[in-house]
Trainee: 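Structure provided below as structure tokens; questions to follow.
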Amino acid sequence: MGDHRLFTKLRNSSIGFLAVLFLMIAAASALLGSSFFPFFRWYLLLLVIGVGFFPLTRILLVTFQDGGWLFSRVIGMAIGGYAVWVLGLAGILQFTAHRSLIVTLIFIGACWVLFMLKPVKKKMDINLIIAEEVLFFGLFLFWAYLIGFRPQASGTEKFMDYGFMAAMYRSRTLPAKDIWYGTDAINYYYGGQYFGVYLGKMCGVDVSFAYNIYRAMIAALGFVLPFSIVHQMVADRMKDRAHVGGWAAAGGLIGGAAVSFAGNGHYVLYGIFGKMLGLSMPDDRDYYWFADSTRYIGYNPVNTADRTIHEFPSYSFLLGDVHAHMCNIIFVLTVVALLYAWICTRRERKMIPDARFLSAAALIGMFQWTNFWDFVIYFTVALFCIIFRAMHSDCGSRMKKIGTAIYQTAVLAVVSMVFSVPFRLQFQSPVSGVKFCQTHTPLYQLLILWGFPFAVFFLLILMVLRNGRRKGEGLMKTTPLPDHFALILGLCAFGLVLVPEIVYVRDIYESSGYPRSNTMFKMTYQAFILYGMMTAYAVICFLASKQRSRRVAGIVAAAFLGLTLGYFPTSVRQFIGNIFQYKNYQGLDATSYLESSYPDDVGAIRWLNENVQGQPIVLEADGDSYSTACRVSAMTGLPTVLGWYVHEWLWRSDPEDLNGRSADIKAIYTSDHKEEVENLIRKYGISYIFVGSEEYAKYGTVNAEGIQALGETVYSDGSTFIVKMTEG
């Protein structure tokens with residue numbers, strides 16, 4: 001009888017879901033225009049992956065009311081994509097759409113066999129699942145529409161990110177060649193871009209659209225995954241109270257907004273009240289610019305010895321760099337969910353970690369490939385969870401608890417390192433050690449950036465301490481588990497803000513006035529995410545309290561958080577423009593700007609995309625990072641001899657070699673000595689030479705006749721031409 005009622009509820013809910021989904025699909029078709037079909041194919045693939053891996057996710061996140069529905073597509077991506085990647089590295093599998101799909105379907109089949117062998121008896125909240133799916137689709141569509149007003153893969157580091165994806169689209173082997181160091185493979189944690197290619201290949205979406213659709217997917221998941229985590233934390237804490245569903249939904253929405261839409265305290269002070277208070281802006285501007293909140297320390301006031309970066313997700317989502325720190329958001333949030341589910345199961349007397357812990361450890365190991373910084377960060381978060389769980393357990397004496405924590409830490413280390421082995425075997429770290437900071441952030445700037453979450457964290461600690469004292473028992477027994485987990489998130493975030501004030505990881509930026517920049521960037525980025533979920537949970541706890549003082553604190557915190565949310569519309573207006581003027585919508589093709597930006601070269605670039613297979617080396621002029629140089633390699637995925645200089649210096653730590661390559665490239669374009677040029681062409685294995693606007697601009701005089709004499713001119717339009725080298 002129970003199963004029949006569940007089926008009836010599922011059927012009725014499905015009808016409503018299909019009706020809402022149909023309306024959303026119609027809206028998507030109208031809004032996205034020609035970009036609708038690649039967008040919708042991507043969504044259908046995500047839906048298949050989500051349904052396919054849901055049986056496994058239900059086992060891992062059994063404590064979640066929705067069975068972990070929103071995380072099933074991320075877990076599926078991680079399993080299927082990681083397997084394809086490892087098989088590709090081993091030379092067992094070619095990285096093609098069909099082979100990737102077959103491997104993924106095999107794992108989906110295994111998940112459903114597992115479900116039939118070990119069904120999960122705990123009931124799910126079907127209405128919650130439907131609401132979450134509608135929320136995800138709506139946000140996915142919203143971001144796709146928003147991105148369509150500025151889809152160009154140009155500016156900041158978009159050349160690099162798009163080029164990585166384009167290279168992997170071309171390549172049947174893994175790792176792909178480095179677009180800017182074509183004689184070698186990519187030497188960077190490129191896993192985030194890889195997963196976009198893995199999905200794009202399987203659903204048949206070209207890289208020119210995949211780049212932006214992947215952006216939109218990450219931004220949408222960047223809201224709904226925190227929603228699910230905070231929703232469950234609130235539901236667990238208030239399970240015996242009335243209106244728990246409403247409080248949980250409110251907490252989830254606040255959590256999603258705090259992580260993916262909010263700005264920091266700098267925006268509130270400078271962006272909202274700056275003019276009123278007469279605050280100075282960088283570069284003698286009389287207005288606030290949305291990037292100011294990400295570059296405050298060392299920029300205002302100017303400190304050329306200590307310029308830092310403190311970005312956060314909403315800035316990344318709008319800026320559009322499909323970079324490692326942004327791509328990995330969906331995976332770090334999945335680790336947080338798995339760790340929360342793990343500590344909530346409370347199998348205190350079992351020393352051996354369960355599937356949740358092992359899955360989190362495997363993902364943490366994968367972070368060495370997707371975003372190495374997150375490996376260190378979330379290994380530490382997991383370590384705090386281990387310590388908490390050991391302290392909370394009833395496994396016996398203090399020494400046994402310590403032994404359990406040590407054992408589980410060893411398991412975490414072994415599992416994470418095993419899953420990182422495929423990447424570490426072909427990666428050479430450019431890091432040159434750790435050093436104590438010589439400069440530090442002024443206290444007032446720290447408080448402007450982080451004072452709000454610091455205050456919320458402090459109030460949450462007070463609440464937990466007072467609750468424990470009132471009950472007259474130990475804190476470990478009286479404090480609800482979600483409170484403990486929120487404190488772990490807050491403590492880890494606090495540490496991530498503090499560490500860059502003590503030490504930094506040494507890299508090439510150390511000598512140029514940016515010693516702490518990369519360290520602060522990667523650590524505080526994750527601090528913002530952890531603080532966002534903690535803050536949302538704390539706000540709900542305060543607002544739902546019976547004590548007036550806590551409710552007042554909740555109202556004040558919610559109001560300040562609301563002010564930080566103003567960062568998003570301000571940024572949209574400044575960076576994207578008026579999104580209500582549909583005539584300005586350009587679609588999701590990341591390369592549509594080439595006709596206007598490179599009118600002399602666009603025909604040749606598109607010819608290469610249409611006529612050249614694989615990854616033969618195409619020579620073009622090298623150039624500075626963050627410039628318009630190396631547009632051919634970036635927009636085609638075809639490797640060149642040397643690309644953006646500083647990036648390769650960071651990745652390879654060999655400026656002498658880079659200088660030699662730069663000189664050799666100049667010689668090929670300008671030298672009159674045919675034998676010298678031919679030797680250089682053989683040295684680097686060059687298959688094509690591209691001569692266009694950037695080459696003329698850099699070298700002034702190009703030996704066009706000499707280059708054309710080296711092989712067959714396969715493309716020519718005005719002064720732009722491509723020469724294919726004669727074999728042998």
Side-chain angles (χ1 to χ4, degrees), residues 139 142-143 146-147 149-158 160-161 192 212 214-223 226 256-272 274 281-282 285 287-300 307-330 332-333 371 373-374 445 448-450 452-453 493 496-497 500 514 517-518 520-533 535 561 563-577 579 626:
L139 287 165
F142 168 75
W143 276 105
L146 200 68
I147 290 168
F149 284 86
R150 190 165 180 164
Q152 299 87 351
S154 178
T156 56
E157 289 188 296
K158 298 181 187 70
M160 186 203 84
D161 298 315
N212 283 318
Y214 189 42
R215 280 178 59 191
M217 182 201 79
I218 294 168
L221 289 172
F223 185 104
V259 171
S260 66
F261 288 136
N264 55 26
H266 178 277
Y267 164 74
V268 177
L269 185 61
Y270 284 82
I272 298 178
M281 301 292 178
R285 281 189 272 108
Y287 62 92
Y288 169 85
W289 178 245
F290 78 107
D292 293 344
S293 291
T294 71
R295 284 153 179 82
Y296 174 45
I297 302 168
Y299 291 86
N300 187 20
R307 296 196 172 189
T308 67
I309 300 174
H310 32 79
E311 294 182 8
F312 39 84
S314 62
Y315 176 81
S316 301
F317 296 158
L318 282 170
L319 190 68
D321 293 4
V322 182
H323 215 43
H325 60 276
M326 188 186 85
C327 297
N328 213 39
I329 288 174
I330 61 178
V332 301
L333 289 170
N371 188 21
W373 291 84
D374 291 345
Q445 290 188 318
I448 288 172
L449 291 174
W450 300 104
F452 171 58
L496 291 171
V497 174
Y514 302 83
S517 182
N518 216 19
M520 183 177 288
F521 174 19
K522 299 299 169 53
M523 289 194 169
T524 60
Y525 196 88
Q526 295 304 320
F528 191 95
I529 293 172
L530 297 178
Y531 267 144
M533 291 184 285
T535 299
L561 183 59
L563 292 177
T564 68
L565 294 177
Y567 176 83
F568 181 73
T570 299
S571 303
V572 170
R573 184 177 66 255
Q574 291 183 345
F575 188 65
I576 293 180
I579 62 173
Y626 306 102

Trainee: Could you state the interatomic distance from CG (Leu319) to OG (Ser571), rounded to the nearest 0.5 Å?
Mentor: 10.5 Å
Trainee: Apply the test side chain to side chain contact (heavy atoms under 4.5 Å, CB included) to residues Leu146 and Leu318: give CA-CA distance (whole Å), side-chain angles for both, the deciding distance (0.1 Å), then the verdict.
Mentor: CA-CA 9 Å; Leu146 200 68; Leu318 282 170; 3.9 Å; yes
Trainee: Taking atom OH of Tyr287 and atom CG of Asp292, what is their separation to the nearest 0.5 Å?
Mentor: 8.5 Å
Trainee: In terms of relative ring orientation, are Phe261 and Trp143 parallel, tilted or perpendicular, with 30° and 60° separating the classes?
Mentor: parallel
Trainee: Taking all non-hydrogen atoms of both residues, which atom of Pro226 and which atom of Met533 are closest, and how far apart?
Mentor: CB-CG, 4.1 Å
Trainee: Which pair of non-hydrogen atoms, one from Val332 and one from Ile329, has the smallest distance, and what is that distance?
Mentor: CG2-O, 3.1 Å
Trainee: Testing the 3.5 Å rule here: is there a donor-acceptor pair between the side chains of Tyr267 and Thr570?
Mentor: yes
Trainee: Has Gln152 got a side-chain atom pairing as donor or acceptor with Lys158's backbone, closer than 3.5 angstrom?
Mentor: no
Trainee: Mind jotting down which residue pairs meet the side chain to side chain donor-acceptor pair (under 3.5 Å) criterion with at least one end in residues 318-328? Sequence neighbours excluded, please.
Mentor: Thr156-Asp321, Glu157-His323, Asp161-His323, Tyr188-His323, Asn328-Thr370, Asn328-Asp374
Trainee: Would Trp373 and Asn518 count as a side chain to side chain contact (heavy atoms under 4.5 Å, CB included) if you check the C-alpha gap in whole Å, the side-chain angles of each, and the deciding distance to 0.1 Å?
Mentor: CA-CA 10 Å; Trp373 291 84; Asn518 216 19; 4.0 Å; yes
Trainee: Can you name the nearest heavy-atom pair linking Tyr531 to Pro453, along with the distance?
Mentor: CG-CB, 3.5 Å
Trainee: Look at the side chain of Thr524 and the backbone N and O of Val497, then say whether any donor-acceptor pair between them is shorter than 3.5 Å.
Mentor: no
Trainee: Name all residues meeting the side-chain contact (heavy atoms from CB on, under 4.5 Å) criterion together with Leu449; count only those two or more places apart in sequence or in a different chain, and write none if there are none.
Mentor: Asn264, His266, Tyr296, Ile297, His310
Trainee: How long is the span from the CG atom in Asn300 to the CE atom in Met281, to the nearest 0.5 Å?
Mentor: 8.0 Å
Trainee: Side chains of Met520 and Ser517, heavy atoms from C-beta outward: is any pair under 4.5 Å?
Mentor: no
Trainee: What class does the angle between the rings of Phe312 and Phe528 fall in, given that below 30° is parallel, 30 to 60° is tilted and above 60° is perpendicular?
Mentor: parallel
Trainee: Could you tell me whether the side chain of Thr535 and the main chain of Gly532 form a donor-acceptor pair under 3.5 Å?
Mentor: no
Trainee: Would you say the rings of Trp289 and Tyr299 are close, in the sense that their centroids are separated by under 6.0 Å?
Mentor: no
Trainee: Verify, without hydrogens or angle tests, whether Arg215 (side chain) and Phe317 (backbone) share a donor-acceptor contact under 3.5 angstrom.
Mentor: yes
Trainee: Return the CG to CG distance between Leu221 and Leu333, rounded to the nearest 0.5 Å.
Mentor: 9.0 Å
Trainee: Working to the nearest 0.5 angstrom, can you tell me the gap between Asn371 CG and Lys522 NZ?
Mentor: 5.5 Å
Trainee: Work out which heavy atom in Tyr525 is nearest to a heavy atom in Glu311; give both atom names and the distance.
Mentor: CD1-O, 3.5 Å
Trainee: If you measure from CE on Met217 to CG on Leu139, what distance do you get to the nearest 0.5 Å?
Mentor: 13.5 Å
Trainee: Minimum heavy-atom separation for Phe149 and Ile576, please, with both atom names.
Mentor: CB-CG2, 3.4 Å
Trainee: Determine the minimum heavy-atom distance between Ala257 and Phe223, stating which atoms define it.
Mentor: N-CE1, 3.3 Å
Trainee: Could you pull out all residues at least two apart from Arg150 that satisfy salt bridge (Lys or Arg N to Asp or Glu O under 4.0 Å)?
Mentor: none
Trainee: Tell me whether the centres of the aromatic rings in Tyr315 and Tyr567 are closer together than 6.0 Å.
Mentor: no
